[in-house]
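Not measured: the values here are computed from a predicted model.
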Amino acid sequence: MSDPAHDRSLASHLRLAVVRLNRRLRAQRTSEDLSLTQISALSTLHKCGAMTPGQLAAKEGVQPPSMTRVIAALEELTYVERTPHPTDGRQAIVAITGKGLEYVHATISAREAWLDGKLAELSGEEREVLSRAAEIIDRMAGHG
């Protein structure tokens, strides 16, 4: 039978470890010209494809006026472009550009290079444990 105190301790330890790793990964970027919010929006467009500003705001969990500012900044840098909505003249569709795609790929490469370096410092046994943990975490997150 599981010990509720141990389960709470594990939950707390796992949560903190994931937050800290995420923070370190997010810090690995190719330049400082974009905010983390802008990078997140760009990554969502890369992963999910073109969408309306309202849809992007909902996916990012921010208010539409905030997303409007994010999109404007990304558009000024030519990382995204707006085109008219095909059926609703009041809306626009936001899509990542080739330049935005290059930025996302460079950021992913920087993060993976940092993580590869950290993994190389571990023993084979530790890497195997992390491999299994990654599968379990993915399953817990509903992706496996």
Side-chain angles (χ1 to χ4, degrees), residues 2 6-144:
S2 89
H6 177 264
D7 289 347
R8 279 191 303 276
S9 175
L10 174 59
S12 179
H13 190 205
L14 182 59
R15 179 186 56 79
L16 285 172
V18 169
V19 166
R20 288 177 181 140
L21 179 60
N22 187 45
R23 189 176 298 139
R24 292 297 304 265
L25 283 169
R26 290 180 75 169
Q28 307 307 310
R29 45 192 183 156
T30 55
S31 71
E32 299 292 321
D33 62 337
L34 294 185
S35 70
L36 293 177
T37 302
Q38 292 167 334
I39 292 170
S40 182
L42 202 55
S43 296
T44 296
L45 288 170
H46 170 254
K47 185 172 30 175
C48 301
M51 62 186 76
T52 66
Q55 291 169 322
L56 184 56
K59 284 202 177 285
E60 290 295 297
V62 300
Q63 294 298 315
S66 297
M67 186 51 64
T68 298
R69 288 188 295 275
V70 168
I71 292 168
L74 291 172
E75 193 173 30
E76 187 173 316
L77 293 165
T78 67
Y79 288 157
V80 301
E81 62 185 0
R82 289 185 226 221
T83 56
H85 192 284
T87 60
D88 185 348
R90 300 166 296 164
Q91 295 212 42
I93 298 293
V94 180
I96 192 168
T97 63
K99 184 178 176 184
L101 201 53
E102 286 175 21
Y103 185 92
V104 169
H105 287 158
T107 299
I108 289 169
S109 292
R111 289 174 178 174
E112 288 184 357
W114 177 85
L115 192 53
D116 282 341
K118 291 298 181 185
L119 290 170
E121 297 171 5
L122 303 177
S123 70
E125 184 179 324
E126 288 172 317
R127 286 192 302 276
E128 184 60 37
V129 168
L130 284 178
S131 177
R132 183 71 182 120
E135 292 171 10
I136 295 166
I137 291 168
D138 248 3
R139 192 172 68 237
M140 289 171 59
H143 293 282

| remark: side-chain contact (heavy atoms from CB on, under 4.5 Å) with Leu34: of Leu74, Val70, Thr107, only one passes, and it is Leu74

| remark: In terms of heavy-atom contacts, Ile39 and Arg111 come closest through CG2-NH2, 4.1 Å

| request: Calculate, to the nearest 0.5 Å, the distance between atoms CD1 and CE belonging to Ile93 and Met51 respectively. | output: 9.5 Å

| said: If I take atom CG from residue Asp116 and atom OG from residue Ser109, how far apart are they, to the nearest 0.5 angstrom? | reply: 10.0 Å

| note | For Glu60 and Ala41, the nearest pair of non-hydrogen atoms, with its separation, is OE1-N, 3.6 Å

| Salt bridge check: are Arg132 and Glu135 linked by an N-O gap of less than 4.0 Å? | yes

| message | Do Tyr103 and Asp33 make a side-chain contact, defined as non-hydrogen atoms from C-beta onward lying under 4.5 Å apart? | response | yes

| request: Quick one: pull up CZ in Arg90 and NE2 in His85 and give me the separation to the nearest 0.5 Å. | output: 9.5 Å

| remark: Heavy-atom closest pair (Gly100 atom, Leu42 atom, distance to 0.1 Å) is O-CD2, 4.0 Å

| field | Intermediate values then yes/no, side-chain contact (heavy atoms from CB on, under 4.5 Å), Thr52 and Val94 | value | CA-CA 6 Å; Thr52 66; Val94 180; over 6 Å; no

| remark: To the nearest 0.5 Å, atom CG of Leu45 lies from atom CG of Leu56 at 5.0 Å

| message | In terms of relative ring orientation, are His105 and His46 parallel, tilted or perpendicular, with 30° and 60° separating the classes? | response | perpendicular

| query | Between the main-chain N or O of Arg127 and the side-chain N or O of Ser131, is there a donor-acceptor pair closer than 3.5 Å? | reply | no

| field | Atom pair CG (Leu21) and NZ (Lys118), whose distance is rounded to the nearest 0.5 Å | value | 11.0 Å

| task | Can you measure from CD (Glu128) to CG (Leu122) and round to the nearest 0.5 angstrom? | result | 12.5 Å

| query | At their closest point, which heavy atom of Met67 faces which heavy atom of Ala57, and how far apart are they? | reply | CB-CB, 3.7 Å

| request: Measure across Ala92 and Pro53 and return the closest heavy-atom pair with its distance rounded to 0.1 Å. | output: O-CD, 3.3 Å

| When you look at Val104 and Tyr79, which way does the side-chain contact (heavy atoms from CB on, under 4.5 Å) test go after all the steps? | CA-CA 10 Å; Val104 169; Tyr79 288 157; over 6 Å; no

| message | Has Thr97 got a side-chain atom pairing as donor or acceptor with Glu81's backbone, closer than 3.5 angstrom? | response | no

